[in-house]
There are 2 protein chains.
Amino acid sequence: MSANSRLTVAAHALTWIGLYQRRGHEVATSEQIATSVNTNPVVIRRLLAELSKAGLVDSRRGAGAGWMLARGLAAITLLDVYRAVEPGPVFALHRATPDPECVVGHGIGPVMAAVYDDVETALRRELAGTTLEDVLRDVLKAA
Amino acid sequence: MSANSRLTVAAHALTWIGLYQRRGHEVATSEQIATSVNTNPVVIRRLLAELSKAGLVDSRRGAGAGWMLARGLAAITLLDVYRAVEPGPVFALHRATPDPECVVGHGIGPVMAAVYDDVETALRRELAGTTLEDVLRDVLKAA
DNA sequence: TCAGTCGTAACCATAGTTGTTACAGCTACT
DNA sequence: AGTAGCTGTAACAACTATGGTTACGACTGA
């Protein structure tokens, strides 16, 4: 499985913005966030654009521009972030339709789909149990 | 996330071998399985090679060669198959180490790792709850 | 000996992710 | 007005994972 870090980086960016705002700043720039994440500002802007479409952040343009949270850290769960940045499911069915003449080929699709539904539900339940406020608290606790 | 069908195809192949053996045949060939899955025999052999390393199937070479289950369908869970064919975790941490001078950059790695551990545990618990015997039963029920 | 199959290497195509450069558009500030 | 600074997005390259295909040596029952 292609392990991807989109959820990690998105959570990092949002947590960073939250802490920065808590310290009295109105907006955070993609360059500041990129420095903390250790990546390119465009990567951050691309990710924040998806989070913006999902209603998790707002952006301000022009001079003094930047990003701000659309709601508090306590009101954003990792599931919200996951939904915003992960396009597809973890597991997929066959790429090409299996042989419909074969009993297994004909029937296994729905069976696996049901299993994958349960897996996704469990995964989402876990992610829903952690808010970015929890993340920030644990981050500060470890410092 | 790159949705992959390795788990689906592996479960399909094993279930097919199990049913084929139950009908009185000793071994199944990669070509027969590939026909049911609707893919190339080499894809099946590559996947079964991984399942063989994991001790789920055995192969016989020479004339009359093919594949057979190493143990019954009821003794193989989807978690066993998942472990055999999925190399890495679902989520990854940062590709490049975040800024250690930043509180968030320094502390968020372990926090996210803990969350991902819980997610993987939940995912594995779900997969462990279904055996290939369950899969075959549901496949036959739907027919 | 030979036919059939495994085991595996090699190569290509496709797709997703990440990093990078570039540039148009917007707006507070001077 | 003009400008500086940042967003928003396109374009491209590099890398990785997956899947499809061809090829061929290795093995073994008949």
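Note on naming: letters A, B, ... go to the chains in the order of the sequence lines (proteins, then strands), and numbering restarts at 1 for each one.
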Engineer: Under 4.0 Å from OP1 or OP2 of C/dC6: is there any side-chain N or O of B/Ser59 that close?
Structural biologist: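 No, no such contact exists.
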
Engineer: For DNA chain D, whose closest nucleotide is more 5', that of A/Arg45 or that of B/Val43?
Structural biologist: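 It is A/Arg45, whose closest nucleotide lies nearer the 5' terminus.
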
Engineer: Ignoring hydrogens and angles, are the base of D/dG19 and the side chain of A/Arg95 linked by a donor-acceptor pair under 3.5 Å?
Structural biologist: no

Engineer: So, are B/Glu133 and B/Arg22 salt-bridged, with charged N and O less than 4.0 Å apart?
Structural biologist: yes

Engineer: So which nucleotide from C/dG19, D/dA10, D/dT7 ends up closest to the side chain of A/Ser30?
Structural biologist: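 That would be D/dT7.
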
Engineer: What is the distance from CZ of B/Arg46 to P of C/dC11, rounded to the nearest Å?
Structural biologist: 14 Å

Engineer: Going hydrophobic residue to hydrophobic residue with side-chain gaps under 4.5 angstrom, can you get from B/Met68 over to B/Leu14?
Structural biologist: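 B/Met68 and B/Leu14: separate clusters.
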
Engineer: Is there a path of hydrophobic side-chain contacts, each under 4.5 Å between heavy atoms of I/L/V/M/F/W/Y residues, joining B/Leu79 to B/Ile76?
Structural biologist: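 Cluster IDs for B/Ile76 and B/Leu79 match.
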
Engineer: Using whole Å, what does the distance between atom P of nucleotide C/dT17 and atom NE2 of B/His94 come to?
Structural biologist: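 Taking atom P of C/dT17 as the reference, NE2 of B/His94 is at 17 Å.
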
Engineer: Can you tell me which nucleotide in D/dT22, D/dA10, C/dG7 comes closest to the side chain of B/Trp67?
Structural biologist: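 Looking only at side-chain atoms, B/Trp67 lies closest to C/dG7.
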
Engineer: It should be established whether A/Ser5 places a side-chain nitrogen or oxygen under 4.0 Å from OP1 or OP2 of nucleotide C/dT18.
Structural biologist: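 For A/Ser5, the contact criterion (side-chain N or O under 4.0 Å from OP1 or OP2 of C/dT18) is met.
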
Engineer: Would you tell me if any nitrogen or oxygen in the side chain of B/Thr29 comes within less than 4.0 Å of OP1 or OP2 on C/dT5?
Structural biologist: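 Negative; the distance criterion is not met.
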
Engineer: Polar atom pairs between nucleotides 28-30 of chain D and protein, under 3.5 Å, N or O only, would you list them?
Structural biologist:
{"residue": "D/dT28", "atom": "O2", "partner": "B/Ala63", "partner atom": "N", "Å": "3.0"}

Engineer: Grab the CG-P distance between A/Leu48 and D/dT7 for me, whole Å please.
Structural biologist: 9 Å

Engineer: In terms of heavy-atom contacts, does NE2 of B/His94 have more than 12 from other residues, nucleotides or ligands at under 6.0 Å?
Structural biologist: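 Check passes, neighbour count above 12.
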
Engineer: May I have the distance from A/Lys53 (atom NZ) to D/dT7 (atom P), rounded to whole angstrom?
Structural biologist: 16 Å

Engineer: Can a side-chain donor-acceptor contact be found between A/Ser30 and A/Arg45 if the only test is distance below 3.5 angstrom?
Structural biologist: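 The criterion, which ignores hydrogens and geometry beyond distance, is satisfied for A/Ser30 and A/Arg45.
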
Engineer: A/Phe91 has an atom CZ; how far is it from atom P of D/dA17, in whole Å?
Structural biologist: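 So the CZ-P distance, A/Phe91 to D/dA17, works out to 17 Å.
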
Engineer: Taking atom types as modelled, find out whether B/Asp118 and B/Thr121 have a side-chain donor-acceptor pair closer than 3.5 angstrom.
Structural biologist: no

Engineer: Without decimals, in angstroms, what is the distance between B/Ile44 CD1 and D/dT18 P?
Structural biologist: 15 Å

Engineer: Round to the nearest Å and state the distance from A/Leu47 atom CG to D/dG8 atom P.
Structural biologist: 13 Å

Engineer: Among C/dT21, D/dG20, D/dT7, which is the nearest nucleotide to the side chain of A/Asn40?
Structural biologist: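 Side chain of A/Asn40 sits closest to C/dT21.
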
Engineer: Distance alone, cut at 3.5 Å: any donor-acceptor contact between the side chains of B/Thr77 and B/Tyr82?
Structural biologist: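 Distance-only check fails for B/Thr77 and B/Tyr82.
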
Engineer: What's the CG-P distance between A/Leu51 and D/dG8, to the nearest Å?
Structural biologist: 12 Å

